[in-house]
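Notes to accompany the following structure.
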Protein chains: 2
Amino acid sequence: MNYAEELKKYNLKVTPQRVAIVQELYLFGHLNIDQLYTKLLNQFPSISLATIYKNMNAMIERIFIQEVKIPHEKSVYELSKASHAHVVCEKCKKIEDIMISTQGVLEEVKEKSSFSITNSAMVFSGICSECSK
Amino acid sequence: MNYAEELKKYNLKVTPQRVAIVQELYLFGHLNIDQLYTKLLNQFPSISLATIYKNMNAMIERIFIQEVKIPHEKSVYELSKASHAHVVCEKCKKIEDIMISTQGVLEEVKEKSSFSITNSAMVFSGICSECSK
DNA sequence: CTGACTGCAAACGTTTTGCACGGTA
DNA sequence: TACCGTGCAAAACGTTTGCAGTCAG
């Protein structure tokens with residue numbers, strides 16, 4: 001993944017801090033603000049939380065990254081990608097993406113709600129295989 | 001619905017403020033903190049936001065009420081009830097409950113994730129029939 | 001060279017806490 | 001009566017803003 005190119009695609013200037021944010025999200029998949037801040041501090045000992053917030057907001061506005069709201073947890077952020085659901089381990093807090101076929105559910109939702117649906121957010125919680133050992 | 005009885009079931013002392021909170025949630029289905037505060041101010045002109053937060057936390061702890069996290073919106077709160085999904089109108093912000101059969105989806109999730117799932121949070125966004133006129 | 005980005009400090013909005021008083025059981 | 005809940009004020013927390021200096025294009 002060429003982080004700089006991706007940033008340009010979204011009309012964002014390429015700065016080292018932004019590249020690092022995208023890189024961390026690419027490598028770790030899902031991070032909350034604190035986790036991101038901690039990781040960036042290694043590369044940029046004087047980086048400011050304000051910088052992170054400003055950049056997150058800029059990237060969210062352009063839908064380069066997205067917020068994932070998780071019951072009982074802090075929000076995490078991920079690079080935008082094809083629509084997918086999330087599973088969260090209630091014990092170790094690990095988050096995984098899963099692709100599920102939503103047609104069936106979406107049809108049912110449209111039938112029962114009379115809304116025309118354009119987006120869905122599905123988060124499933126439970127215990128992962130490691131934690132259930 | 002007997003609000004006082006419900007509170008007792010959850011080991012919560014019955015106070016006028018708590019009864020009012022439960023009543024508003026029962027009548028309106030989903031409210032965020034500000035909406036709840038505004039409504040309660042009518043009945044209790046000197047009620048404090050601190051009181052509302054303390055009570056919400058107590059009721060959430062006992063799972064008498066639940067937080068619903070909605071993409072791009074403030075969280076709303078509802079009385080606990082049988083598992084269900086939510087649809088949100090992106091224009092008028094109306095929220096509705098819908099009962100959908102989750103078996104199919106849940107099976108797919110279990111297959112693809114190796115998590116044992118105990119909870120699901122599904123929020124579908126779109127435009128309601130009134131707003132699409 | 002110009003406008004945008006960074007980091008700092010201050011401001012802001014939301015939620016929590018401590019305390020004195022009052023109400024529930 | 002003993003404990004818990006309420007309301008107020010202050011504190012804590014997370015996020016945003018303004019500004020001066022720096023950097024990307």
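In what follows, chains are A, B, ... by sequence order, proteins preceding strands, each numbered from 1. Hydrogens, waters and symmetry mates play no part in the numbers below; they use all other heavy atoms, side chains included.
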How close or far is atom [atom2] of [N] from atom [atom1] of [X], stated in whole angstroms?
X: L12(B); N: dT24(C); atom1: CG; atom2: C1'; value: 13 Å
X: F44(A); N: dC8(C); atom1: CZ; atom2: C1'; value: 17 Å
X: R18(A); N: dC5(C); atom1: CZ; atom2: P; value: 4 Å
X: M59(B); N: dG5(D); atom1: CE; atom2: P; value: 10 Å
X: Q43(A); N: dT6(C); atom1: CD; atom2: P; value: 13 Å
X: L7(B); N: dT24(C); atom1: CG; atom2: P; value: 13 Å
X: Y10(A); N: dC5(C); atom1: OH; atom2: P; value: 17 Å
X: N32(B); N: dG13(C); atom1: CG; atom2: P; value: 16 Å

Counting only side-chain nitrogens and oxygens, does [X] get under 4.0 Å of the OP1 or OP2 atom of [N]?
X: T15(A); N: dT6(C); value: yes
X: N57(B); N: dT16(C); value: yes
X: Q17(B); N: dG23(C); value: no
X: S48(B); N: dC8(D); value: no

Using a strict cut-off of less than 4.0 Å between a Lys/Arg side-chain nitrogen and an Asp/Glu carboxylate oxygen, indicate whether E5(A) and K8(A) qualify as a salt bridge.
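Between K8(A) and E5(A) there is a salt bridge, with a charged N closer than 4.0 Å to a carboxylate O.
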Looking at E6(B) and K9(B), is any side-chain nitrogen of the basic one under 4.0 Å from a carboxylate oxygen of the acidic one?
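Looking at E6(B) together with K9(B), the answer is yes, because their closest N to O distance falls below 4.0 Å.
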Between N11(A) and K74(B), the residue closer to the 5' end of DNA chain C by nearest nucleotide is N11(A)
Reading DNA chain C from 5' onward, which residue's closest nucleotide shows up sooner: I33(B) or K13(B)?
I33(B)
Side-chain donor/acceptor of Q43(A) to backbone N/O of L40(A), under 3.5 Å
no
Check for a donor-acceptor pair, side chain of T102(B) on one end and backbone N or O of V105(B) on the other, with a separation under 3.5 Å.
no
The side chain of K54(B) is closest to which nucleotide in this list: dT14(C), dC19(C), dG7(C)?
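So the side chain of K54(B) is nearest to dC19(C).
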Of all the nucleotides listed (dT16(C), dG7(C), dC5(C)), which has the minimum atom distance to the side chain of A50(B)?
dT16(C)
Please state whether the rings of F64(A) and Y10(A) are parallel, tilted or perpendicular, taking 30° and 60° as the class boundaries.
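If you compare the ring of F64(A) with that of Y10(A), the planes turn out parallel.
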Between T51(B) and V14(A), just flag the one whose closest nucleotide in DNA chain D comes earlier from the 5' side.
T51(B)
